[in-house]
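Reading through the structure tokens given below for one structure.
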Number of protein chains: 2
Amino acid sequence: MSIAEAPGLRERKRIATRKAIQRAVLELALERGLERVTIEEISRVADISPRTFFNYFVSKEAAIVGDSPDFIDGEALQHFVDGGPNGDLIRDLGYLLADAAERASEDRDTQIMRKELHSKYPHLFALRMAGMRVFEDELSAVVARRLLREDAAYAKDQATLASRSRLVTLVAMGALRHAWTCWADSANKSGEPLAGRMRDTFDQLESVFVKSRQS
Amino acid sequence: MSIAEAPGLRERKRIATRKAIQRAVLELALERGLERVTIEEISRVADISPRTFFNYFVSKEAAIVGDSPDFIDGEALQHFVDGGPNGDLIRDLGYLLADAAERASEDRDTQIMRKELHSKYPHLFALRMAGMRVFEDELSAVVARRLLREDAAYAKDQATLASRSRLVTLVAMGALRHAWTCWADSANKSGEPLAGRMRDTFDQLESVFVKSRQS
DNA sequence: GTGCAACATTGCAGACTATGCAATAATTGA
DNA sequence: TCAATTATTGCATAGTCTGCAATGTTGCAC
């Protein structure tokens, strides 16, 4: 929306190259194991020079883990800021994330290959989380907007607002990890939707917190 | 306790070398920036051969981020499993972690240098989180023990128990991240204790979850 | 469509990382 | 003291990653 209507040749080529590299590295890594894949091979398969590889990714691993999600916008975001689908902060945040996950679709194959590699090499998974830092910051800002809506008193204390938003965000990221691992561990019936898992996880989250108090 | 009463010369040397390397890399990285430090220099300062460096750490970064915490045991653990200090699952878990943080003391300097580097190079911080995987698994097992105590019905459904434990653990790790960043961002009055921050964070956590429901 | 500015790709050189292997040295325990 | 075990080291080698300068492509104004 906010960006280019017509991407233009240059941009289209760039995206194509990026995808070609990602495909290449995923296929090779699945076929013969991550450590037995070299940049040279990847480049050969993706039909670029080794030097070009590094114009796109800083490492093999970076090419595998995939890009961090785009910034969330649109009406789901506004809905969240205005008091979310359920009126429960964390859960609403989870639903917002699930929503974003549904939207951000890649090739089904790419997604599945990635998933496979993630459960085979857990450190990749960790790397992926590591790469979400900027996304986390964006999310944190969104949470801050909602908190401010819920309680205008936060306006007087920016530090507390920031801290609180970040706490909520990081807890949500923890839940997100849970959803991911559940999804990755689940039998590979191709259909299994990630977004559904996410909603499940965030629903459970509520009961985890409430339960101990009741008993 | 369970391990060696008297470490023996070999073991003591090993630990000394390990610390020497960590000191060396921390000092050098602070002094001239992470990317301008080579293994060769580190080895020179730590007084070992470059080859030996790799017998201790797989990379510069690994030497910087420090070891992941030892397994938690002792009476605090038992107390947690039996219904924890407050009777609130997540909060109790936080207190358990804070407890462990208090115990696991390193040189004050080392700790401060690490902290400095962590805020200077956020990807190191992420790396540290990534290195906590096995610790997370241990923690998850501990949480499972407590859940089973609270509700014996879990015994019938190991899958749910495992999933639930993992969810709680990952959420707690999120909160832990929050505590860490607060601590790292705080002005460097040397005294500021990490454990205190952790307890703060986990106390807030409760209100985050409850608040939205009340309003 | 010509031409120029902006950007992308490539090859090459060079520094650094990382691992296997075999020789050497230190520690352990009997 | 001796043999077993474990640690350190140097060397060789494969691979990663970056800067730079040359060459190719695309975008855009005219």
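Naming: A, B, ... by sequence-line order, numbering from 1 per chain. Note that this is a predicted model, so its numbers are computed, not measured.
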Can you tell me if B:Ser49 and B:Thr52 form a side-chain donor-acceptor pair at under 3.5 Å? yes
Keeping the roles fixed (side chain from A:Thr17, backbone from A:Lys13), state whether a donor-acceptor pair exists under 3.5 Å. yes
A:Glu35 CD to C:dT19 C1': how many Å, rounded? 13 Å
Give the rounded distance in Å between these two atoms: CZ of A:Arg36 and P of D:dA14. 16 Å
Specify the separation, in whole Å, of atom CZ of B:Phe53 and atom C1' of C:dA18. 11 Å
A:Pro50 vs B:Ile39, nearer the 5' end of DNA chain C by closest nucleotide: A:Pro50
Quickly work out the B:Asn55 CG to D:dT6 C1' distance and round it to whole Å. 11 Å
Using the ring of each side chain (for Trp, its six-membered ring), is A:Phe53 parallel, tilted or perpendicular to A:Phe57, with breaks at 30° and 60°? tilted
Can you tell me the distance, in whole Å, between the CZ atom of B:Phe54 and the P atom of D:dG10? 14 Å
Side chain of B:Leu9, heavy atoms from C-beta onward: which of D:dT16, C:dT27, C:dC12 has the nearest atom to it? C:dT27
Spacing between A:Leu34 atom CG and C:dT19 atom P, to the nearest angstrom: 13 Å
Cation over ring, A:Arg14 on A:Tyr56, under 6.0 Å and within 45°? yes
Residue whose closest nucleotide on DNA chain D lies nearer the 5' end, A:Glu40 versus A:Glu11: A:Glu40
Checking C:dA18, D:dT9, D:dC17 against the side chain of B:Ile48 (C-beta onward), the nearest is D:dT9
Could you check whether B:Tyr56 gets within reach of a base, just the sugar-phosphate, or nothing at all, counting any heavy atom under 4.0 Å? sugar-phosphate
Salt-bridge contact B:Lys19-B:Glu106 (side-chain N to carboxylate O under 4.0 Å): no
Measure from CZ on B:Arg44 to P on D:dT8 and round the result to the nearest Å. 19 Å
Hey, does the side chain of B:Lys13 come within less than 4.0 Å of C:dA26's phosphate (OP1/OP2), counting only N and O? no
Per B:Arg10 side chain, nearest of listed nucleotides D:dC17, D:dT9, D:dT5: D:dT5
Nearest whole angstrom, please: distance from the C1' of D:dT18 to the CZ of A:Phe57. 18 Å
Touch class at under 4.0 angstrom, heavy-atom based, for B:Thr52 against every strand present: base
Considering only C:dA8, D:dT9, C:dG11, which nucleotide approaches the side chain of A:Arg14 most closely? C:dA8
Please pick, from D:dC20, C:dT17, D:dG15, the nucleotide with the shortest atom-to-atom distance to any side-chain atom of A:Arg51. D:dC20
